Amino acid sequence: MSDQNGKLKKMMIILSKATLDNVYAAFVLANGARMEGIDAEMFFTFFGLEAVHKERLEHLHVATVGNPAMHMPTMIGGLPGMEAFATRMMKKEMEQLDMPEVLEFLDILKASGVKLWACKLAMDMFHFKQDDLYEDLDGVLTVGDFYQRSSGEGVQMLFI
Amino acid sequence: MSERIIAGAPVNVNEEGFMTDFRQWNQTIGTELAREADLTLSPRHWQVIEYLQTEYRNEVPLSIRKIGKSGVVDIKEFYQLFPNAPLKTAAKIAGIPKPASCI
């Protein structure tokens, strides 16, 4: 290590999923970095783009199928209304923990200085335009651009 | 826990430098703790510090979200006033415990 003694300076967080638990994990990690004086940037790719899609970000769900931690048989998890029910329960718990909704959380991240980037390839794949996305997004990047922004010492990258 | 002299007065602090007895705090100590964090306190800083102390006295847990809804300061300005780890830094200057919040 150099003169920084391995100090963490910036977190680069890639969000590729849109289930509520993954979105919140990514948001808490980005916000937590800023709270510790560490810079943070987020890259929304593939389904992670839903977390910054103006209309869809209000309707994110937890996954009840294929999620062993739900402790629910797969067939039950697949019944109509199960995901909505589980999501309601989770949101209720989170409200008690003073966790903001997705849109408010994006506002908090933005005000805290987190850079928010959408992935160009995923935008093209889903036929999203920048107008479809959260207003205060910092822009649309290629993966190469994102790597460029990750250069330097004390930078860590996280894929969710 | 240990004792150290801040601005000429003996003060109890923990291993991270947070004061452990708020009754020992005064503005001179706050100013000195701010100087140690490379900050010069403006009237805006003091308003935020007073807000944090009021919340502490009322036993309200602090979080970035609550700061944003305080009506005293918004999150953006909070980060401008205390650029490096704002909630921790401001709490340390205010003489109150380190907030345990993740959000």
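No hydrogens, no waters, no symmetry mates; every other heavy atom, side chains included, goes into these values. The shown structure was predicted, so the numbers you read here are calculated from the model rather than taken from an experiment. Proteins get letters first, then strands, A, B, ... in listed order; numbering begins at 1 in each.
- The most heavy-atom pairs under 4.5 Å with chain B, out of A:S112, A:A33, A:G113, A:G32, come from A:S112.
- We find the CE-CZ distance between A:M99 and B:R65 to be 9.5 Å, quoted to the nearest 0.5 Å.
- The 12-atom threshold is not exceeded at CZ of A:F85, counting heavy atoms of other residues, nucleotides or ligands nearer than 6.0 Å.
- Crowding of A:Y147 atom OH: a count of heavy atoms from other residues, nucleotides or ligands under 6.0 Å not exceeding 12.
- Within 6.0 Å of the CZ atom in B:F18, the count of heavy atoms belonging to other residues, nucleotides or ligands exceeds 12.
- B:K88 has its side chain within reach of A:E36: a pair of non-hydrogen atoms, C-beta onward, lies under 4.5 Å apart.
- Atom NZ of B:K66 has more than 12 neighbouring heavy atoms from other residues, nucleotides or ligands inside a 6.0 Å radius.
- Within 6.0 Å of CD in A:Q148 there are 12 or fewer heavy atoms belonging to other residues, nucleotides or ligands.
- Nearest heavy-atom pair across A:G37 and B:N84 is CA-OD1, 3.2 Å.
- Ranking A:I108, A:D98, A:L97, A:D107 against chain B, the residue ahead of the rest is A:D98, based on heavy-atom pairs under 4.5 Å.
- When all heavy atoms of A:R34 and B:P86 are compared, the pair lying nearest together is O-CD, 4.0 Å.
- Neither the backbone nor the side chain of A:I38 comes within contact range of chain B; no heavy atoms are under 4.5 Å apart.
- In terms of heavy atoms, A:A111 sits closest to B:Y79 at O-CD1, 4.2 Å.
- The environment of CE in A:M125 is crowded: more than 12 heavy-atom neighbours from other residues, nucleotides or ligands sit within 6.0 Å.
- Counting non-hydrogen atoms of neighbouring residues, nucleotides and ligands closer than 6.0 angstrom, the NZ atom of A:K120 reaches no more than 12 such neighbours.
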Verdict with reasoning, B:I103 to A:F105, per side chain to side chain contact (heavy atoms under 4.5 Å, CB included):
CA-CA 10 Å; B:I103 38 174; A:F105 217 146; 3.8 Å; yes

